[in-house]
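The structure under discussion appears below in the form of structure tokens.
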Amino acid sequence: MVDFGNTLKTLRTQHDMTQSQLSKKLGLTKSVISAYENSLRMPSYDVLIAISKLFKVTTDYLLGIEHRQNIDLSGLSKTAWRGRRADYCN
């Protein structure tokens, strides 16, 4: 089961943000953030992506699919990344 609400609340509090502050950063209302955190609503894809960028985590982490907050890039060199980036950007 997706536990997006608890994950969002945890990230928000770890970043010392109120629901009101988060809502302003995302262009939403405080009541929408509250509904997300209480699992009454799920965000749209656009909002989910904005949240992942804001907190620098993957969307998979937000949705409970992945348990690591960040992607491990430690084994990639800059040259390897540029080659892979070309695969995804074309």
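Along the sequence shown, the residues carry numbers beginning at 1.
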**Asked** Linking I/L/V/M/F/W/Y whenever any side-chain heavy atoms sit under 4.5 Å apart, do Tyr36 and Met42 land together?
**Response**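 Yes, Tyr36 and Met42 fall within the same hydrophobic cluster.
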
**Message:** Hydrophobic clustering (ILVMFWY, side-chain heavy atoms < 4.5 Å, transitive) - are Ile51 and Ile65 grouped together?
**Reply:** yes

On a heavy-atom basis, which atom in [X] and which in [Y] lie closest, and how many Å separate them?
{"X": "Tyr61", "Y": "Thr7", "answer": "CE2-CG2, 3.7 Å"}
{"X": "Leu22", "Y": "Phe55", "answer": "CD1-CZ, 4.0 Å"}
{"X": "Met17", "Y": "Leu54", "answer": "CE-CD2, 4.5 Å"}
{"X": "Thr59", "Y": "Ser52", "answer": "CG2-OG, 3.7 Å"}
{"X": "Thr13", "Y": "Thr10", "answer": "OG1-O, 3.0 Å"}

Donor-acceptor contacts, no H, no angles, side chain residues 28-35, under 3.5 Å, sequence neighbours left out:
from: Thr29; atom 1: OG1; to: Ser31; atom 2: OG; distance (Å): 3.1
from: Thr29; atom 1: OG1; to: Val32; atom 2: N; distance (Å): 3.3
from: Ser34; atom 1: OG; to: Asn38; atom 2: ND2; distance (Å): 3.2

**Prompt:** Please walk me through it: do Ser20 and Lys24 pass side-chain contact (heavy atoms from CB on, under 4.5 Å)?
**Reply:** CA-CA 6 Å; Ser20 184; Lys24 287 177 185 170; 4.0 Å; yes

**Request:** Answer yes or no: is there a side-chain heavy-atom contact under 4.5 Å between Glu37 and Arg12?
**Result:** yes

**Asked** Are Thr58 and Leu63 side-chain neighbours, meaning at least one heavy-atom pair lies under 4.5 Å?
**Response**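 No, side chains not in contact.
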
**Fill in**
Per side chain to side chain contact (heavy atoms under 4.5 Å, CB included), Pro43 is matched among Leu48, Leu8, Leu26 by Leu48

